[in-house]
Student: 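Following this message is one structure expressed as structure tokens.
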Amino acid sequence: MPWRIRRALEAGRARRYRPGMSSSSAEAPAFDPWQPSFVADPYPAYAALRERGRAHWFEPSRQWLIPRHADVSALLRDRRLGRTYLHRFSHEEFGRTAPPPEHEPFHTLNDHGMLDLEPPDHTRLRRLVSKAFTPRTVEALVPTIRRFADELVDSLVASGGGDLITAVAEPLPVAVIAEMLGIPQADRPALRPWSAAICGMYELGPSEETARRAVRASLEFSGYLRELIDSRRNAPGDDLISGLIAAHDEGDRLTEQEMISTCVLLLNAGHEATVNSTGNGWWALFRHPEQLARLRADPDALLPTAVDELLRFDTPLQLFERWVLEDIEIDGTVIPRGSEVALLFGSANRDPARFDRPDTLDLSRADNPHVSFGAGIHYCLGAPLARLELAASFGALLRKAPGMRLVKEPEPQANFVIRGLRELLVEL
């Protein structure tokens, strides 16, 4: 939660690294998430971090960087860490400052979603939402997802090319999750801008302008969903929002704020990662023409493993933060309660200790325990849906635009934590 880092820096109240903790905890100079050259290609810096040790104190963000796969995987499952600490401690007890009042609309929205909750509230919400993501439910969406993907690709082909991000990558997952929630077609164009503004707050040290945009989007998004929930109470439909209302009425209690936050989380997580996975994936394929040729030659056989390999090779979520609720020790380094760890997914996915030839894109890679969907109780609930969406859009493009090629090298977004491209211009 970057506001806590920024506020701690301003107030000088963050728990400081104590000299002598561990020689491996010295700041890694190559890790610079605000440097455009690093954002463009962070993987050499990750390799240097892994070589130097298992835990590194990073003074600018006042976090412990965890770069190795075994540690990232273990800490995702370690209940001594949490996405929040407020279920056990106050801000003061934990040595942290409360968010500034002007940011409160964002935190009210964010902190009531299940991604930032811990048991028992997390358990209760996840149980309710998981009913919409059962294997049978997800499998029933396959015809709809393929139809959406075919229509979008047909439009791209008819135009002779264009920006793959805005033409296919963005509208497909938005359409799918909006369909599940029952959001009217006319209202869907606002979803992506709201999501992008809110997700800006997940970067390290977001600016005040970023915070203002996130607060504004939080207020607008919440207001819209509050009205939609009210309308579904009066006229329920066959959608997830109606299902959550019915579950509440039947005794599975959730507050209106939890319902709003859950819908926003599903919309944000349901398309933000898939958009960037699509862009990053095609950019990787264009840079590896031999792998793209393999995929074009036999898409049905390769797509299942190709989707996971593209997620591993250039994951859309590079970093996942956790609070240390009880002291932990990593390779002799004691990381005390009140600290924050930054689990480097992008580094873990390229760890040679776990992956053979980790910097090689191999679309037939079978042994592929990447952490792009997380692990433990916060493992991505929509992972099967995301895989279906990616397989559908990649499959449609391979079939309908077999000669698609890159027009120019794309520019990465300025963001580090959520990794993606500004645009990906293609021609047929």
Side-chain angles (χ1 to χ4, degrees), residues 1-2 42 46 63-85 110-111 113-119 121-123 125-127 129-130 132-133 135 138 173 177 195 198-199 201-204 261-262 264-277 280-281 307-325 328 330 340-351 354-355 367-390 415-420:
M1 298 181 184
Y46 290 156
Q63 294 172 309
W64 290 91
L65 307 178
I66 310 298
R68 296 188 183 179
H69 183 278
D71 293 319
V72 169
S73 182
L75 291 177
L76 284 169
R77 297 171 170 84
D78 195 325
R79 300 308 303 142
R80 293 175 297 173
L81 284 76
R83 282 291 292 173
T84 182
Y85 53 77
N110 182 75
D111 296 355
M114 61 184 173
L115 182 61
D116 280 80
L117 290 172
E118 293 294 318
D121 290 328
H122 172 271
T123 308
L125 282 176
R126 190 174 177 103
R127 184 182 67 248
V129 178
S130 64
F133 291 91
V138 172
I177 197 67
S195 175
I198 290 169
C199 289
M201 283 292 274
Y202 303 141
E203 294 298 319
L204 297 178
S261 295
T262 296
V264 170
L265 173 63
L266 291 173
L267 283 161
N268 290 353
H271 72 264
E272 198 69 35
T274 309
V275 170
N276 293 318
S277 296
N280 295 350
V307 165
D308 275 292
E309 175 66 348
L310 293 168
L311 285 165
R312 179 199 71 84
F313 189 75
D314 202 8
T315 180
L317 181 62
Q318 292 283 309
L319 178 153
F320 193 67
E321 297 165 327
R322 302 290 294 274
W323 294 106
V324 179
L325 307 176
I328 60 174
I330 300 177
E340 190 175 36
V341 297
L343 307 178
L344 298 178
F345 282 11
S347 177
N349 284 347
R350 296 283 193 101
D351 189 345
R354 184 57 189 86
F355 298 96
D367 182 21
N368 195 354
H370 64 77
V371 294
S372 297
F373 289 123
I377 68 167
H378 290 294
Y379 180 80
C380 178
L381 193 62
L385 181 62
R387 287 188 173 101
L388 278 177
E389 290 172 352
L390 291 168
N415 300 334
F416 158 62
V417 174
I418 299 177
R419 179 171 174 79

Student: Are any of the side-chain heavy atoms of Ile377 and Glu118 separated by less than 4.5 Å?
Tutor: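 Sidechains of Glu118 and Ile377: in contact.
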Student: Tell me, please, which residues at least two apart from Glu309 pass salt bridge (charged side-chain N to carboxylate O under 4.0 Å, His left out).
Tutor: Arg312, Arg365
Student: Enter the distance from Leu381:CG to Leu125:CG here, rounded to the nearest 0.5 Å.
Tutor: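 Reported value, rounded in 0.5 Å steps: 11.5 Å.
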Student: Would Asn368 and Phe355 count as a side-chain contact (heavy atoms from CB on, under 4.5 Å) here? Give the steps.
Tutor: CA-CA 7 Å; Asn368 195 354; Phe355 298 96; 3.5 Å; yes
Student: Quick check: closest heavy atoms across Arg322 and Leu75, and the distance to 0.1 Å?
Tutor: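 Where Arg322 meets Leu75 most closely, the heavy atoms are NH1-O, 3.7 Å.
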Student: Main chain of Leu115, side chain of His122: is a donor-acceptor contact present, judged purely on distance under 3.5 Å?
Tutor: no
Student: Please determine, by modelled atom types, if Thr123 and Arg127 share a side-chain donor-acceptor pair under 3.5 angstrom.
Tutor: no
Student: So which pairs with a foot in residues 373-390 pass salt bridge (charged side-chain N to carboxylate O under 4.0 Å, His left out), sequence neighbours left out?
Tutor: Asp308-Arg387
Student: Can you give me the closest heavy-atom contact between Gly420 and Asn280, atom names plus distance?
Tutor: CA-OD1, 3.5 Å
Student: Would you mind reporting whether Leu76 and Phe345 have side-chain heavy atoms less than 4.5 Å apart?
Tutor: yes
Student: Tell me, do Thr262 and Leu266 make a side-chain contact under 4.5 Å, heavy atoms counted?
Tutor: yes
Student: Between the main-chain N or O of Pro369 and the side-chain N or O of His69, is there a donor-acceptor pair closer than 3.5 Å?
Tutor: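 Yes; judged by distance alone, with no hydrogens or angles, the pair exists.
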Student: Of all the heavy-atom pairs spanning Pro316 and Leu311, show the shortest one and how long it is.
Tutor: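 The answer is CD-CD2, 4.3 Å.
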Student: Checking the side chain of Glu203 only, and the main-chain atoms of Ile418 only, is there a donor and an acceptor separated by less than 3.5 Å?
Tutor: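 Flag set: sc Glu203 to bb Ile418 pair under 3.5 Å.
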Student: To the nearest 0.5 Å, tell me how far Leu343 CG sits from Leu65 CG.
Tutor: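 So the CG of Leu343 and the CG of Leu65 are separated by 10.0 Å.
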Student: I want to check a possible cation-pi pair here: Arg350 against Phe313, using under 6.0 Å from ring centre and within 45° of the ring axis as the test.
Tutor: yes
Student: What's the separation between atom CG in Leu267 and atom OG in Ser195, rounded to the nearest 0.5 Å?
Tutor: 7.5 Å
Student: For Thr84 and Leu117, run side-chain contact (heavy atoms from CB on, under 4.5 Å): C-alpha distance rounded to whole Å, both residues' side-chain angles, the deciding distance at 0.1 Å, then the answer.
Tutor: CA-CA 6 Å; Thr84 182; Leu117 290 172; 5.6 Å; no
Student: Can you name the ring pair (Phe, Tyr, Trp, His ring centres under 6.0 Å) partners of Phe416, sequence neighbours left out?
Tutor: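 Phe416 satisfies ring pair (Phe, Tyr, Trp, His ring centres under 6.0 Å) with Phe31, Phe38 once adjacent residues are dropped.
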Student: Measure the OG-CG distance between Ser347 and Asp71 for me, rounded to the nearest 0.5 Å.
Tutor: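 Spacing of OG (Ser347) from CG (Asp71) equals 10.5 Å.
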Student: Is any side-chain heavy atom of Leu317 closer than 4.5 Å to a side-chain heavy atom of Leu319?
Tutor: no
Student: Please examine the side chains of Met114 and Ser261, heavy atoms only from C-beta on, and report whether any two atoms are closer than 4.5 Å.
Tutor: no
Student: Is there a salt bridge (Lys or Arg N to Asp or Glu O under 4.0 Å) between Arg83 and Glu321? Walk through the geometry before answering.
Tutor: CA-CA 7 Å; Arg83 282 291 292 173; Glu321 297 165 327; 5.1 Å; no
Student: Verify salt bridge (Lys or Arg N to Asp or Glu O under 4.0 Å) between Arg354 and Asp367, making sure each step is shown before the conclusion.
Tutor: CA-CA 9 Å; Arg354 184 57 189 86; Asp367 182 21; 3.1 Å; yes
Student: Please find the pair of heavy atoms, one from Arg419 and one from Asn276, that lie closest to each other, and give the distance.
Tutor: O-CB, 3.2 Å
Student: Using atom types as modelled and distance alone, determine if a side-chain donor or acceptor of Asn415 lies under 3.5 Å from a backbone N or O of Val417.
Tutor: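 Checked: no pair found.
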Student: Can you confirm whether Ser277 sits close enough to Leu310 that some side-chain heavy atom of one is under 4.5 Å from a side-chain heavy atom of the other?
Tutor: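 They are not in contact (no side-chain heavy atoms under 4.5 Å apart), so the answer is no.
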Student: What verdict does the side chain to side chain donor-acceptor pair (under 3.5 Å) test give for Asn349 and Ser372, after you've listed the backbone C-alpha separation in whole Å, the side-chain angles of each residue and the deciding distance to 0.1 Å?
Tutor: CA-CA 8 Å; Asn349 284 347; Ser372 297; 3.0 Å; yes
Student: With the side chain counted from C-beta on, respond yes when His378 and Arg126 share a heavy-atom pair under 4.5 Å apart, and no when they do not.
Tutor: no
Student: Given Gln318 and Tyr46, is the side chain to side chain donor-acceptor pair (under 3.5 Å) satisfied, shown in steps?
Tutor: CA-CA 11 Å; Gln318 292 283 309; Tyr46 290 156; 2.7 Å; yes
Student: Under 4.5 Å between any side-chain heavy atoms of Met201 and Asn110, yes or no?
Tutor: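 Answer no - side chains too far apart.
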Student: Minimum heavy-atom separation for Val324 and Leu81, please, with both atom names.
Tutor: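 It is CA-CG, 4.3 Å.
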